[in-house]
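In what follows, every chain begins at residue 1, and chains take the letters A, B, ... in the order their sequences are listed.
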2 protein chains.
Amino acid sequence: MIPPSVSLIGSFRRHYPEVWKAAKIFGAAGMTVKSPPMSRIVDRERAFVRFASDPPLASDLDLQAATMDKIFSSDFVYVVNPGGYIGADTTLELGRIVERGMAVYYAEPPRLLIDVPGGTVLSPGELAAGISGGAVSAKPARRPRVAALPTADIVIFTIREQQLHVLLIRRGTEPYRGKLALPGGFVRPGESLEDTAQRELREETGLDASRILLEQVHTHSDPKRDPRGRVITTAFLAIAPNLPEAAAGTDAYRAAWIEVEESLWQDPGRLAFDHAVILKQALDRARGMLEHTTVAAQFCGKVFTISELRQVYEAVWGVRLNPQNFQRKIRSTRGFVIDTGKKQASHHGRPAELFRTGPARILYPPMLRPGQPGQATLDSMGNSKSATQAR
Amino acid sequence: MIPPSVSLIGSFRRHYPEVWKAAKIFGAAGMTVKSPPMSRIVDRERAFVRFASDPPLASDLDLQAATMDKIFSSDFVYVVNPGGYIGADTTLELGRIVERGMAVYYAEPPRLLIDVPGGTVLSPGELAAGISGGAVSAKPARRPRVAALPTADIVIFTIREQQLHVLLIRRGTEPYRGKLALPGGFVRPGESLEDTAQRELREETGLDASRILLEQVHTHSDPKRDPRGRVITTAFLAIAPNLPEAAAGTDAYRAAWIEVEESLWQDPGRLAFDHAVILKQALDRARGMLEHTTVAAQFCGKVFTISELRQVYEAVWGVRLNPQNFQRKIRSTRGFVIDTGKKQASHHGRPAELFRTGPARILYPPMLRPGQPGQATLDSMGNSKSATQAR
DNA sequence: AGAATAGTGTCTATGAGACAGTATATG
DNA sequence: CATATACTGTCTCATAGACACTATTCT
């Protein structure tokens, strides 16, 4: 288990002895102190107090930004405010911290209009005891909670030239600058994760997302998955018909359709963050959904031939299917496709009939993908790599 | 075209004449002033200045919260700070506004460590002219993000007296005091959601959670799902063998096994929060998993008979199965169960052989639950109630 | 005509469901 | 003995896979 991390804020100029003392207590209790840097103060006259460990040429604003990053990546914040005093710049930082919903504890009641529930005014020792959970404390600390920034990442699949492709974005900013990443973004005020995913999908592909399947796959919450701090992402699976090359949407200038192949999730470092895992899980989910639902038709345009539908199955599953039997299976399944009566302007051979999607969503006799032909079972016998099993 | 909206912040106590003047200028330029309310000040001695239009009994904190809502709903914020002065509570508000990435303009350069790009210090007249003239945009400096408190809720199923039961807890605190709720809790520092779920499972049942299946089901993020604020929960499915009545664990004194029946998720208000939806989704997931995996054996003890296994399927699916055919199916599936050679101390009739779980995890020829016998498809044709589809 | 693709007919193997029949316990 | 449960044998039917065959286009 990773030790809890804390950042201390307050007037380092006026109250550094108190800050130092509190930090020592937290450190002794096994916590990681992310800020202040626990080095010697070399210049207290600057607007932003300088430590020996600070880069000497950094501006006040750069230093403050770096400090805020450290604060936001910690599990909670402790405000050192002897007599209730909080300086102007600390107050501004505190507003940002409050707005992020982080857990905040105070040494003394603040002289500000803030809702300070009982138990959030604690001495460093009480807090350390409450966090580690063992020691007896007169005022039991509220259980420590962590705030996180929720994000939605989307795995958008499509078929291009009979191959499965996924929409990826070349990152333009740190971290993982230059690497490929899934499209996605932070949840905005008032949005649910589904809203966020739908907005990102629209921004990246220009598709009217309300008509596109958007299926939640998994939520990734490893505390170290994002170096910027506690970012929890929920992965969505989207299935899109073939789109014009560069979806001329707003943010799409860096986006590209990449062929889905083993190396995308096998080669470490090809994708940013834990996106290789997310991609693989979404692919597995899509493969499974093709068995039990009629979503395969979502890969196709408004009208399509049965061959096109078969190519979807072949591309996603990575197998060859018998065209004749596939044909019969689809046509005998009521509600999957509806004959439009029209025929395709032929490429070669007999013109295929054109279909549109039917009302059925679930395939009852499922379309089982060819597995071990033997009668028995045994996929992954014993060695459980099934993600959610015991960590 | 909707007129741009603005909120003004600053010390209404000290600088209300300047605030009023600026608001008038914005109003004359066709903008909507969301805050202040443009009514008469009736009490300037309170911590939060009172206007005639304010509800007289509201607390300072209530008023501030309502004001922040107005500010956050406007297109940009104008800070009235004659001489650069910004008071402590305004500074805290400003921090929250900055963290949301809203566009902020200042009457004079602020005496704070804030990055004030050129053009953001403007007189009200300049700003009004710029907005209507298109020179100044209300585009936020940075995209707004929201922080959330992540929680894990667990749907723990077991079989008791041949019926499916779920572990529920009678809530002892607001909100939803007295209602039944799923066990769960907030993510603690350093934990992933899986860690949290495992800890809660151990606390509630005393089970060594590392040996129990814990499967992520869905993440619920509706901004209004929890009245306490932005709480995002990830639901887990756990399957437990029959346990001694009151698992004497620490927090379990309020816990009880409740029979799973329609009314649990049909009757509104029987379960707290959105736990009815969570329960139903977990049940559907469990039903599906029984088809394709060998988890049914997790409901049983270390050794079990094939009848017991069948009763699991019958309880979870809510159907009757033919004992003879079930027997053959299980025995002919390699790796599902292993014969121990022992026999059950008989109740009645021929003693059943005892089995233990085999190494297989995935059932390849799946155990399809009896559906529409007809050949075709059509579960939920058309009317999509499939949760993740378009909101 | 030959190649290519679409679609149908038919045989076979397999597995699910139904049901008769056998095995082994209790009372 | 009857009764109850466990287990096996066998028939039928539905469906998947294999493959031959027909249909309709392009070159």
| field | Value in whole Å for how far the P atom of C/dG7 lies from CD of A/Glu308 | value | 11 Å
| said: With a 4.5 Å cut-off on side-chain heavy atoms, are B/Leu271 and B/Trp265 touching? | reply: no
| note | Between CD of B/Gln344 and P of D/dT5 the distance, given in whole Å, is 12 Å
| field | Enclosure of A/Gln266 CD (heavy-atom neighbours >12, cutoff 6.0 Å) | value | yes
| note | Among the nucleotides D/dT8, C/dA6, D/dA6, whichever has the atom closest to the side chain of B/Ser307 is D/dA6
| message | Using heavy-atom distances to pick each residue's nearest nucleotide on DNA chain C, tell me which of A/Thr305 and B/Lys343 is more 5'. | response | A/Thr305
| query | Can you find a donor-acceptor N/O pair under 3.5 angstrom joining the side chain of B/Arg350 to the base of C/dA25? | reply | no
| task | Side-chain contact test, heavy atoms from C-beta onward, threshold under 4.5 Å: evaluate it for A/Pro366 versus B/Leu368 and give yes or no. | result | yes
| request: Measure from the side-chain N and O atoms of B/Arg160 to the backbone N and O of B/Ile258, and report whether any donor-acceptor pair falls under 3.5 Å. | output: no
| said: Applying a 4.0 Å non-hydrogen cut-off, can you work out what B/Gln324 is touching in the nucleic acid: base, sugar-phosphate, or nothing? | reply: base
| Between C1' of D/dT5 and CD of B/Gln311, the distance in whole Å | 11 Å
| task | Report yes if a donor N or O on one partner sits less than 3.5 Å from an acceptor N or O on the other, where the partners are the side chain of A/Asn325 and the base of D/dA18; otherwise report no. | result | yes
| Min side-chain heavy-atom separation B/Val312-B/Phe304 under 4.5 Å | no
| query | Of all the choices, D/dT8, C/dC19, C/dT8, which nucleotide is nearest to the side chain of B/Arg331 once you look at every atom? | reply | D/dT8
| said: Using whole Å, what does the distance between atom P of nucleotide C/dT14 and atom CG of B/Leu368 come to? | reply: 18 Å
| request: Remember a base hit wins even if backbone is also touched, and classify B/Arg328 as base, sugar-phosphate or nothing at under 4.0 Å, heavy atoms. | output: base
| said: Using the side-chain heavy atoms of A/His348, tell me which of these nucleotides is nearest: C/dA25, C/dA6, C/dA3. | reply: C/dA3
| What's the CG-C1' distance between A/Leu363 and D/dT15, to the nearest Å? | 14 Å
| Could you state the CD-C1' distance from A/Glu314 to C/dT5, rounded to the nearest angstrom? | 14 Å
| What is the distance, rounded to the nearest whole Å, between atom CD of B/Glu353 and atom C1' of D/dT8? | 12 Å
| query | NZ of A/Lys329 versus P of C/dT8: gap in Å, rounded? | reply | 17 Å
